Amino acid sequence: MKFILASLLFIQFAWSKNFIPQSFTANFEESLISMATGKEKKSYGKIDYKYPGHVRFEITSPNPSLFVSNPQMSWYYVPPFIEGEVGQVTLQKTSKLPLTKFFDSMKNGLENSKLFTHTYAKQELVLNFKKEVQKEMTLKQVIFKASADAKLVQKMNDFEKITLIYVDGRKVNLKFTDFKEEVSFQPKQFEFTPPPKTKVIKD
């Protein structure tokens, strides 16, 4: 019995330290639940992530946009609706997406986090962010949904769905496909050069 308990504790410790890989790329489906109507609005795209603080989050449809961030600078680009017209990019010193902050916060595992507490509820792993960090993160809660007992899931990409609940009540669902971890990105992957005829806004 002691051996079984020790093994279970070791497995939980081992997977929690590798819950989110050092780097990954994936396609995603994002669905936003309207606070006014309760209806779902879906978008599709691709995400690239590298620890710490590197993200490229591109929505390809239905309304294309691109957010690129590294530890020094971030860019938010909206292309023109009609080819030949002016697009717009907003530049600012790094201001991470809540999703990036969340990924970074998970790198050291679930146990003894200074940012959140976690609980299990059958098929769900629930992270509750502490009051003092909710304002900075803009996140209140994150729920991982599995197809079986959530305690048996070893990695983030093995969950079926991630639900992000923001402080203002917004709820966003994320589903990843074609997930690849420990990716070697090109040096310029987390930088952005605006194309010609782009309006530049410095925030």
Side-chain angles (χ1 to χ4, degrees), residues 4-45 47-53 55 57 67 69 95-181:
I4 294 173
L5 289 174
S7 298
L8 289 174
L9 288 170
F10 175 77
I11 289 170
Q12 182 176 3
F13 178 79
W15 77 252
S16 67
K17 287 293 184 182
N18 296 285
F19 188 67
I20 290 181
Q22 187 80 13
S23 63
F24 69 82
T25 183
N27 295 324
F28 67 82
E29 175 190 288
E30 179 186 57
S31 59
L32 173 65
I33 312 299
S34 170
M35 295 172 62
T37 65
K39 293 182 178 180
E40 245 185 350
K41 180 180 179 182
K42 291 188 177 182
S43 57
Y44 303 86
I47 181 171
D48 297 327
Y49 169 79
K50 185 178 77 171
Y51 180 85
V55 70
F57 190 87
F67 181 89
S69 182
S95 178
K96 297 179 185 176
L97 282 172
L99 189 61
T100 316
K101 295 179 181 179
F102 165 63
F103 287 149
D104 282 355
S105 74
M106 294 285 285
K107 189 65 185 69
N108 292 323
L110 302 177
E111 302 299 329
N112 303 315
S113 173
K114 295 180 180 180
L115 302 180
F116 56 79
T117 59
H118 73 281
T119 57
Y120 290 97
K122 296 183 179 179
Q123 294 174 293
E124 294 183 344
L125 165 62
V126 182
L127 308 184
N128 291 295
F129 286 88
K130 297 178 180 180
K131 291 288 186 181
E132 58 269 26
V133 299
Q134 285 186 15
K135 183 177 181 180
E136 179 189 358
M137 297 283 287
T138 73
L139 280 172
K140 182 178 181 180
Q141 191 177 68
V142 175
I143 302 171
F144 293 87
K145 181 67 177 292
S147 59
D149 188 341
K151 291 182 180 179
L152 302 178
V153 179
Q154 297 184 12
K155 294 185 178 182
M156 179 190 69
N157 56 300
D158 290 331
F159 284 92
E160 290 187 334
K161 181 176 71 173
I162 305 172
T163 300
L164 292 87
I165 301 173
Y166 291 83
V167 174
D168 62 8
R170 287 180 297 135
K171 186 182 291 185
V172 176
N173 293 321
L174 280 174
K175 294 180 181 180
F176 292 135
T177 59
D178 302 321
F179 194 99
K180 297 177 183 177
E181 55 185 82

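Heads up: numbering here begins at 1 and tracks the sequence. Quick caveat, the model's predicted, so the values are computed rather than measured.
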Between CZ on residue Phe28 and CD1 on residue Ile162, distance to nearest 0.5 Å | 12.0 Å

Set of residues satisfying ring pair (Phe, Tyr, Trp, His ring centres under 6.0 Å) with respect to Phe179, sequence neighbours excluded = Phe24

d(Glu160 CD, Asn173 CG) to nearest 0.5 Å is 12.0 Å

Point-to-point distance, once rounded to the nearest 0.5 Å, from CD1 of Ile20 to CD of Glu181 | 11.0 Å

Non-hydrogen atoms of Glu40 and Ser31 that approach each other most closely = OE2-OG, 3.2 Å

Tell me, do Tyr120 and Asp149 make a side-chain contact under 4.5 Å, heavy atoms counted?
-> no

Only pairs under 3.5 Å count here: list side-chain donor-acceptor contacts from residues 137-144, not counting sequence neighbours, and write none if there are none.
{"from": "Gln141", "atom 1": "NE2", "to": "Asn128", "atom 2": "OD1", "distance (Å)": "2.6"}

Sidechain-backbone polar pair: Glu30 side chain, Leu174 backbone, donor-acceptor under 3.5 Å = no

For the residue pair Tyr44 and Asn27, establish whether any side-chain heavy-atom pair is separated by less than 4.5 Å.
-> no

Closest heavy-atom pair, Ile47 versus Phe57, reported as atoms and distance to 0.1 Å, is CD1-CD1, 3.8 Å

Side-chain contact, heavy-atom cut-off 4.5 Å: Asn157 with Phe176?
-> no

In this structure, CD of Gln134 is separated from CZ of Phe116 (nearest 0.5 Å) by 13.5 Å

pair Thr163-Lys171: side-chain heavy atoms closer than 4.5 Å | yes

Calculate, to the nearest 0.5 Å, the distance between atoms OG and OH belonging to Ser23 and Tyr49 respectively.
-> 9.5 Å

Considering residues at least two apart in sequence or located in another chain, which fulfil the side chain to side chain contact (heavy atoms under 4.5 Å, CB included) criterion with Lys180?
-> Thr25, Val183

May I ask you to decide if Ser113's main-chain N or O and Lys130's side chain share a donor-acceptor pair within less than 3.5 Å?
-> yes

Test item: Asp104 side-chain N/O and Gly53 main-chain N/O as donor-acceptor pair under 3.5 Å | yes

